[in-house]
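For reference, the structure discussed in these notes is given below.
Numbered from 1 within each chain, the chains take letters A, B, ... in sequence-line order.
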2 protein chains.
Amino acid sequence: MDRRQQKTRNAIYDALTELLKKKKFEDLTVQDIIDEANIGRSTFYSHFETKDQLLEEMCREMFEHVFSHDLAPEAGHDFSGGHKGIAERLTHVLYHISEHKENISAILGGESEQTFVRFFREYLEDAFDDVLGHVNTKVPKDFRKQFIIGSFVETVKWWIATGLKLAPEQVVEYYLTLIGGGSK
Amino acid sequence: MDRRQQKTRNAIYDALTELLKKKKFEDLTVQDIIDEANIGRSTFYSHFETKDQLLEEMCREMFEHVFSHDLAPEAGHDFSGGHKGIAERLTHVLYHISEHKENISAILGGESEQTFVRFFREYLEDAFDDVLGHVNTKVPKDFRKQFIIGSFVETVKWWIATGLKLAPEQVVEYYLTLIGGGSK
DNA sequence: AAAATATCGAACATCGTGTTCGATATCATG
DNA sequence: CATGATATCGAACACGATGTTCGATATTTT
């Protein structure tokens, strides 16, 4: 591949990484990016069709290059029989995320869906108050709170995405079953 | 309040509800809304500063008018001592959501943050494969899968939002503790 | 050295936003 | 019902971002 292309591509990626420290992705303009990257306007559009495609490709590269080694057991470094434990693997993922926290935090801090979810969470905080009080556990309360609320929100999003096929009671029953044993 | 204001406001809300059946919120233009509502451009802006404020207010009204009765025990209809069970209350919430599924599905189906989360979920599906195989339970596999992945994604989002204060190991430990007991 | 190709950057058309203002229609009130 | 208040209308405008085009220039490949 032509060195100029690589140079431009890196300049764009670096610019985006830099800009994400200051602004949310959806607030960035193409002008911001090409100014920061110091490239011509038409050059940007010869590499990416839109700003969103840039994000798409950046995410793809992150997962291909940064996280790709977490799942596959590394030959020669693994003495447990070629199969890493789930705890260890998840730990690695979290470490990688913390190494790239500028980028990922900015990307994960999006808007749009958030407006509704924000109200929903606020509402659920009250609904879950008593559930949180009645258990003894070594897991801190704020963590349990986050967990219970977050997983319920995700359950509801999944329920909607799959076309509301389960009855509400069924969803609640399954959900409480999975939550129930977890408070030890 | 002046009848004209109420009329306009309802026209806007109805228009938004109608349009959300066809398009995602972030793809709607103010022009779309005022055309559907059949009002003048300046009229829209005399009611709402931006499109986002419209969504904000609509969400607020939904939670105030639709969900407000789920938490407070209704006097005269509750024979269990003035305190509804969590299952019953959550069921009510889900019912209300299903009654408003057009609006809520459209609002919850946002973009932005999703790009990253989509890759993240795909990645986690592989990582969680073995966890899902080794348990006997009456909760369907696709539900458990959604639950485990969704709650982990939410945990990570929370971890990032609170400034990565916990060590990765700690996060994983807490998370697995809460998940562990739930697979019965 | 020559041919191929990537970048530059200015100019342009297009679209959505949010504002302004005078004319018109509707309302609340006495 | 008459009148002052106020909400709506709708055209016009300035602004900013998007994505395209094209000839000139610079760099790379062979």
Side-chain angles (χ1 to χ4, degrees), chain A residues 1-61 106-107 109-115, chain B residues 1-61 106-107 109-115:
Chain A
M1 177 185 264
D2 198 311
R3 295 175 204 159
R4 290 170 293 181
Q5 286 188 53
Q6 269 305 346
K7 201 174 154 190
T8 297
R9 219 179 172 77
N10 289 337
I12 292 175
Y13 282 157
D14 290 347
L16 180 54
T17 300
E18 191 59 31
L19 289 170
L20 281 177
K21 295 176 184 171
K22 307 167 196 161
K23 276 187 182 182
K24 280 180 273 190
F25 179 76
E26 55 260 35
D27 293 334
L28 290 179
T29 66
V30 173
Q31 196 64 47
D32 290 334
I33 297 171
I34 68 184
D35 286 347
E36 178 76 30
N38 206 32
I39 61 170
R41 184 168 193 73
S42 56
T43 304
F44 176 88
Y45 283 107
S46 76
H47 281 261
F48 303 99
E49 288 183 9
T50 66
K51 204 183 59 165
D52 292 302
Q53 197 201 334
L54 166 60
L55 180 61
E56 180 95 6
E57 307 252 349
M58 200 188 203
C59 286
R60 174 172 289 116
E61 293 213 358
I107 294 173
E111 232 34 280
S112 307
E113 162 205 355
Q114 315 309 56
T115 305
Chain B
M1 176 185 263
D2 198 311
R3 295 174 205 160
R4 289 169 294 181
Q5 287 189 53
Q6 267 307 345
K7 199 174 156 191
T8 298
R9 219 178 173 78
N10 288 337
I12 292 175
Y13 281 157
D14 290 348
L16 180 55
T17 300
E18 191 58 30
L19 290 170
L20 282 177
K21 294 176 185 171
K22 306 166 196 163
K23 277 187 183 182
K24 282 180 272 192
F25 179 77
E26 56 260 35
D27 293 334
L28 290 179
T29 67
V30 173
Q31 196 63 47
D32 291 333
I33 298 171
I34 67 184
D35 286 347
E36 178 75 31
N38 205 31
I39 61 170
R41 183 166 193 75
S42 56
T43 304
F44 176 88
Y45 282 107
S46 75
H47 281 260
F48 304 98
E49 288 182 8
T50 67
K51 203 183 62 167
D52 292 302
Q53 198 200 335
L54 166 60
L55 181 61
E56 180 94 7
E57 307 252 349
M58 200 186 203
C59 286
R60 173 172 290 115
E61 293 213 356
I107 295 173
E111 235 30 283
S112 306
E113 162 205 354
Q114 315 307 56
T115 304

Sequence neighbours left out, cut at 3.5 Å: what donor-acceptor pairs do the side chains of residues 34-45 of chain B make with other protein atoms?
| from | atom 1 | to | atom 2 | distance (Å) |
| --- | --- | --- | --- | --- |
| D35(B) | OD1 | Q31(B) | NE2 | 3.3 |
| R41(B) | NH1 | Q31(B) | OE1 | 3.3 |

Checklist entry - What are the two closest non-hydrogen atoms of I107(A) and L20(A), and how far apart are they? => result CG1-CD1, 4.2 Å
Item to check | Residue-level proximity of residues 36-51 of chain A to DNA chain D when a heavy atom falls under 4.0 Å | outcome: R41(A), S42(A), Y45(A), T50(A)
Next on the checklist: The criterion is salt bridge (charged side-chain N to carboxylate O under 4.0 Å, His left out); which residues satisfy it with E18(A), sequence neighbours excluded?
Outcome noted: K21(A)
Next on the checklist: Using 0.5 Å steps for rounding, measure from the CG atom of D14(B) to the CG atom of L19(B).
Outcome noted: 10.5 Å
Checklist entry - Starting at CG of L54(B) and ending at P of dT17(C), how long is that distance when rounded to a whole Å? => result 12 Å
Next on the checklist: Holding to salt bridge (charged side-chain N to carboxylate O under 4.0 Å, His left out), I want the full list of residues that pass it with D2(A), two or more places apart in sequence or in another chain.
Outcome noted: R4(A)
Checklist entry - Among all residues two or more places apart in sequence or in another chain, which pass the salt bridge (charged side-chain N to carboxylate O under 4.0 Å, His left out) test with K23(B)? => result D32(B)
Checklist entry - How large an angle, rounded to 10°, do the end axes of the helix from dA1(C)-dT30(D) to dG30(C)-dC1(D) enclose when each is built from five base pairs? => result 30°
Pair up each side-chain donor or acceptor in residues 50-58 of chain B with any protein partner under 3.5 Å, not counting sequence neighbours, and list the distances.
| from | atom 1 | to | atom 2 | distance (Å) |
| --- | --- | --- | --- | --- |
| T50(B) | OG1 | D52(B) | N | 3.3 |
| T50(B) | OG1 | Q53(B) | N | 3.1 |
| K51(B) | NZ | F25(B) | O | 3.3 |
| K51(B) | NZ | L28(B) | O | 2.8 |
| Q53(B) | OE1 | E49(B) | N | 2.9 |
| Q53(B) | NE2 | E57(B) | OE2 | 3.0 |
| E56(B) | OE1 | R118(A) | NH2 | 3.3 |
| E56(B) | OE2 | R118(A) | NH2 | 3.0 |
| E57(B) | OE1 | R9(B) | NH2 | 3.4 |

Checklist entry - Whole Å only: how far is the CE atom of M1(B) from the C1' atom of dT26(C)? => result 16 Å
Checklist outcome for this item: With a 4.0 Å cut-off (strictly under) to non-hydrogen atoms of chain A, the first and last hit nts on DNA chain D, 5' to 3', are dA17(D) to dT29(D)
Item to check | DNA chain C contacts among residues 3-18 of chain A, heavy-atom distance under 4.0 Å | outcome: R4(A), Q5(A), T8(A)
